[in-house]
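The analysis underlying the following values was restricted to heavy atoms, covering all of them including side chains, and did not include hydrogens, waters or symmetry mates. For clarity, every value in this text was computed on a predicted model and none was experimentally measured.
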Protein chains: 2
Amino acid sequence: MAGIDEVARAAGVSISTVSYALSGKRPVSAETRRRIQAAVHELGYSPNAGARMLAGSQTHIFALSEPLRADSHAPSHMAFMHAMTVAARRKEYDMLLLTDEDASAGMKRVAASGLVDAILVLDVAPDDPRVAIARASATPTLFVGIPNDHDDLVCVDLDFERAAVEAVDRLADAGHREIGLIGGSRRAYEKSNFPPRVRAAVVARAAERGGHARAVASGEVVTDRAHVRESVREFIAAGVTGIVLHAPEEVLQVVLVELAALGKSMPGDVSIVSVGSSFDTDTQPTPVDSIPLVPQSSCELAVDLAIELIAGRPVASGLHLIPPTYLERGSVAAAPSA
Amino acid sequence: MAGIDEVARAAGVSISTVSYALSGKRPVSAETRRRIQAAVHELGYSPNAGARMLAGSQTHIFALSEPLRADSHAPSHMAFMHAMTVAARRKEYDMLLLTDEDASAGMKRVAASGLVDAILVLDVAPDDPRVAIARASATPTLFVGIPNDHDDLVCVDLDFERAAVEAVDRLADAGHREIGLIGGSRRAYEKSNFPPRVRAAVVARAAERGGHARAVASGEVVTDRAHVRESVREFIAAGVTGIVLHAPEEVLQVVLVELAALGKSMPGDVSIVSVGSSFDTDTQPTPVDSIPLVPQSSCELAVDLAIELIAGRPVASGLHLIPPTYLERGSVAAAPSA
DNA sequence: TTGAAAGCGCTACCAC
DNA sequence: GTGGTAGCGCTTTCAA
């Protein structure tokens with residue numbers, strides 16, 4: 001709890017020199033800096049957060065808005081929160097958690113009190129009420145996910161449409177013509193903008209590649225196993241040989257089990273590609289080709305953009321899409337010549 | 001971004017009166033308070049966080065230390081983080097997330113910079129390194145969970161031993177003599193102090209009640225289904241009619257499935273009580289009697305104690321155990337007369 | 001390359 | 001019941 005004045009005295013310099021030596025905002029002679037750093041270390045000095053905020057008008061804190069819905073997928077959320085917090089710490093930022101039932105109230109509060117330098121918004125819905133708050137607020141706000149009306153917002157996300165195209169292309173390249181898409185729960189289709197876009201992209205690309213795609217959601221809830229199993233049976237009956245999966249890990253397991261039950265091998269009879277999976281398709285019991293949704297990528301980009309905004313540097317508003325990466329895991333093979 | 005001076009001017013009073021009206025630390029006439037509140041509302045005033053910290057030496061921020069281990073149970077963690085953040089907000093506190101790889105570094109940092117008023121420690125291990133930091137720090141620190149050496153710390157947790165005794169008593173009261181305990185993963189037994197204590201309590205109480213208990217962990221990992229199923233078969237073979245479960249939801253499902261596979265009904269043939277479950281045993285497909293671990297209870301108590309410590313009021317160090325609550329759901333019946 | 005000093009926007013003491 | 005004002009510990013001009 002030593003103050004900057006004590007450091008200055010110990011180093012035999014003025015307070016301002018200590019401040020500049022630490023912030024690097026003014027050149028300081030090597031010798032002076034050395035003495036100051038020694039004093040800082042000696043006294044265990046750490047600048048007072050409140051004073052820094054007040055004088056510098058920078059808090060070095062981000063707010064993380066994460067409205068925990070009941071039907072949220074906890075592991076994915078944890079992964080994003082963690083990745084975001086780690087990305088922030090790398091840039092010397094701390095993370096304040098905003099989980100108000102009313103997320104908007106929290107955002108207003110931290111913005112109005114100058115508690116945070118920027119707000120990072122996770123789990124964005126198409127008609128997210130936080131969009132309005134962001135527009136009305138002077139505090140830089142960054143969306144990880146894409147609301148419907150986003151032209152003047154800064155949004156980060158995986159380029160799901162390119163990912164969908166890439167997935168279809170891989171299957172088509174291997175000779176698959178009849179393609180099936182298993183999406184997330186029906187609620188996921190309402191909660192986010194991307195499931196419908198992935199579906200549209202898969203269908204369109206399959207047609208472009210001279211094939212045909214049929215798409216289904218994975219049921220009312222993520223764990224609607226019966227619905228998933230039925231979809232798989234219908235796919236097989238219809239001659240589908242390539243499956244694109246855009247759903248959580250649990251659904252993949254059900255698909256694999258049902259294929260096995262039908263006596264179908266992977267990738268001998270059926271090829272599978274997982275798109276936008278936030279789980280590790282590598283450590284799965286059965287590895288599957290995937291175009292993963294990597295929390296670190298989105299979060300690091302979001303943090304970088306937030307820092308640009310805070311510094312007053314120009315940032316293009318609109319979508320900042322992360323190019324998909326295809327991971328081969330051996331679940332795609334040539335279509336059976338049937 | 002209006003300041004306190006603008007509020008004072010708008011209300012026609014001095015800034016000190018505004019400050020006192022808002023903090024309540026000095027009586028203010030009803031009429032004056034009314035005018036001030038109107039002005040606050042009008043201007044959308046929210047006191048500047050940095051200024052408040054600096055002048056008042058209270059930050060109104062808690063730190064939440066949550067080292068996300070790879071094997072952590074995401075839903076439970078989310079539940080605790082959420083409950084803690086909600087409990088804090090109820091007391092006008094914000095929550096800062098500490099997820100540094102080195103948890104101790106984060107705690108030191110926020111304590112040294114005066115960023116937070118108190119630190120709340122979750123997911124406490126028996127030999128938790130954060131204990132040493134807490135001892136060396138002047139910042140009030142509260143543990144949710146019990147480290148080995150805790151005499152001079154303030155710790156909050158469910159009274160697992162009483163819960164274990166209560167569970168056995170319920171089974172014994174219903175005539176069950178042979179009792180089986182299915183614990184969490186083997187790692188859980190190393191990571192926390194309570195699994196072994198629950199085990200000891202169950203075994204001891206079963207003996208006191210003239211019965212006998214056998215205990216097993218649920219395998220290397222939480223999802224070791226094969227191990228759980230085998231344990232259930234062994235229990236049945238050994239004449240167990242009452243099962244105490246101290247494990248996550250997934251394990252309960254496996255137990256129920258295996259009992260059904262063995263042709264055993266619940267509660268006709270086998271009675272079950274879940275202890276320390278953080279999931280909702282009520283909305284399960286099959287409801288089960290339980291003595292739940294309610295995150296809200298622990299978190300609200302932790303926040304209340306933290307506020308006492310911040311205010312400089314005396315708080316007993318050592319354990320603050322939450323009395324268990326038994327929820328009847330019809331999974332316990334009279335032991336078969338066999 | 002360095003120092004002196006003016007605030008940042010509050011809280012809380014002292015006075016009335 | 002209310003007002004004036006001295007700091008809180010920094011950052012950042014302005015001067016040297």
Any residue meeting salt bridge (charged side-chain N to carboxylate O under 4.0 Å, His left out) with B/Asp152, in chain and number order, not counting sequence neighbours | B/Arg135
To the nearest Å, how far apart are A/Arg33 CZ and C/dT2 C1'?
-> 14 Å
For A/Asp5, salt bridge (charged side-chain N to carboxylate O under 4.0 Å, His left out) partners two or more places apart = A/Arg9
Closer than 4.0 Å, any side-chain N/O of B/Thr32 to the OP1 or OP2 of D/dG1?
-> no
Just checking, any donor-acceptor pair under 3.5 angstrom between side chains of B/Asn148 and B/Asp127?
-> no
For the side chain of A/Leu54, starting at C-beta, report the closest nucleotide among C/dT2, D/dT2, D/dG9.
-> D/dG9
Does B/Ser65 have any side chain to side chain donor-acceptor pair (under 3.5 Å) partners at least two apart in sequence or in another chain, and if so, which?
-> B/Arg130
Does A/Glu6 have any salt bridge (charged side-chain N to carboxylate O under 4.0 Å, His left out) partners at least two apart in sequence or in another chain, and if so, which?
-> none
Under 3.5 Å, sequence neighbours excluded: what are the donor-acceptor pairs made by side chains of residues 301-308 of chain A?
from, atom 1, to, atom 2, distance (Å)
A/Glu308, OE1, A/Arg313, NH1, 3.2
A/Glu308, OE2, A/Arg313, NH1, 2.6

Take the C1' atoms of the five end pairs on each side of the helix from C/dT1-D/dA16 to C/dC16-D/dG1, derive the two axes, and give their angle rounded to 10 degrees.
-> 30°
Rounded to whole Å, CD of B/Glu31 lies from P of D/dT2 at a distance of 9 Å
Would you mind reading off the distance between B/Met1 atom CE and C/dG9 atom P, rounded to a whole angstrom?
-> 10 Å
Applying side chain to side chain donor-acceptor pair (under 3.5 Å) to B/Thr99 and not counting sequence neighbours gives none
Could you write nucleotides 11-16 of chain C as a row of B, S and -, 5' to 3', where a protein heavy atom under 4.0 Å of any base atom gives B, of only sugar-phosphate atoms gives S, and otherwise -?
-> BBBB--
In terms of the nearest nucleotide of DNA chain C, which residue is placed more toward the 5' end: A/Val13 or B/Asn48?
-> A/Val13
Report, as yes or no, whether the 6.0 Å neighbourhood of atom CD on B/Gln58 holds more than 12 heavy atoms from other residues, nucleotides or ligands.
-> yes
Could you give the CG-to-P distance, from A/Asp5 to C/dA4, as a whole number of Å?
-> 13 Å
Looking at residues at least two apart in the chain, or sitting in another chain, which of them share a salt bridge (charged side-chain N to carboxylate O under 4.0 Å, His left out) with B/Asp117?
-> none
Rounded distance (Å) that lies between atom C1' of C/dG3 and atom CD1 of A/Ile36 | 12 Å
